[in-house]
Structure formats: C-alpha cells, structure tokens
Amino acid sequence: MSRRDLDQESDPAATSVSLATEAALLEARLRMLREAIDTVDARMEEVSDALRQLKAVESAAQRWVPDRHLP
C-alpha cells in the first residue's frame with residue numbers, strides 16, 4: 001500500500017469523497033450500458049419485423065401458381 005492509500009484510509013472525509021466519485025463513475029457507466037442495451041433491443045425488433053415480412057412474402061410466393069396457359 002502506498003503512503004497516499006494509507007493517508008486516505010485514515011481520513012474518513014477523503015475516503016467518502018473517493019467512494020462518491022467512484023459511485024458517480026459507475027452510475028454513468030451503468031447509464032451508458034442501459035442506453036446501449038436499449039439500442040440493441042430496438043435493432044433486434046427491427047430485424048425481427050423484417051424477417052416476419054420476408055416470411056410472409058415467401059409464404060405468398062409459394063402459394064402463387066402461375067397461369068399454365070401462358071407461354
């Protein structure tokens with residue numbers, strides 16, 4: 001342990017400031033991660049919608065029977 005660490009351990013005010021600073025940084029990081037998760041969730045929903053639309057088109061194409069009288 002460095003002298004600075006020992007000084008902080010013996011100083012409750014410095015320890016409190018250090019912990020508060022660390023808590024603020026962790027809260028900011030948590031907000032960033034939640035925003036990233038929201039972005040991924042929205043993108044997953046968009047991709048799911050696109051896949052559902054493609055499946056509907058494929059299903060309709062399989063039911064389509066061309067007019068056999070045309071060349």
Side-chain angles (χ1 to χ4, degrees):
M1 235 183 230
S2 72
R3 176 74 183 147
R4 184 170 181 244
D5 291 337
L6 289 173
D7 287 345
Q8 268 193 330
E9 277 189 20
S10 62
D11 182 4
T15 301
S16 295
V17 169
S18 177
L19 291 172
T21 301
E22 188 173 351
L25 291 172
L26 290 171
E27 287 175 354
R29 181 68 177 143
L30 180 59
R31 274 192 304 275
M32 288 173 31
L33 291 171
R34 284 184 175 153
E35 289 172 5
I37 288 171
D38 289 344
T39 300
V40 169
D41 284 345
R43 182 64 183 135
M44 286 173 55
E45 188 64 35
E46 291 171 5
V47 169
S48 292
D49 289 344
L51 289 172
R52 277 192 288 277
Q53 290 173 358
L54 286 173
K55 187 175 180 180
V57 168
E58 177 187 27
S59 197
Q62 288 175 350
R63 288 190 308 265
W64 181 76
V65 178
D67 188 350
R68 296 185 192 269
H69 301 292
L70 294 177

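The model shown is predicted, which means the values in this text are computed figures rather than measured ones.
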Distance-only, no hydrogens or angles: does the S59 side chain make a donor-acceptor pair with backbone N or O of K55 under 3.5 Å? no
Distance in Å, R29 CZ paired with L26 CG, rounded so as to fall on 0.5 Å steps: 10.0 Å
Report yes if some heavy atom in the side chain of V57 is under 4.5 Å from a heavy atom in the side chain of Q53; otherwise report no. no
What residues, two or more places apart in sequence or in another chain, satisfy side chain to side chain donor-acceptor pair (under 3.5 Å) together with R43? E46
Within the distance-only criterion (no hydrogens, no angle test), does the side chain of S18 pair as donor or acceptor with the backbone N or O of A14 below 3.5 angstrom? no
Which residues satisfy the side chain to side chain donor-acceptor pair (under 3.5 Å) test with D38, sequence neighbours excluded? none
Take a 6.0 Å sphere around CZ of R52 and say whether it holds more than 12 heavy atoms from other residues, nucleotides or ligands. yes
Not counting sequence neighbours, which residues clear side chain to side chain donor-acceptor pair (under 3.5 Å) with E27? List them please. none
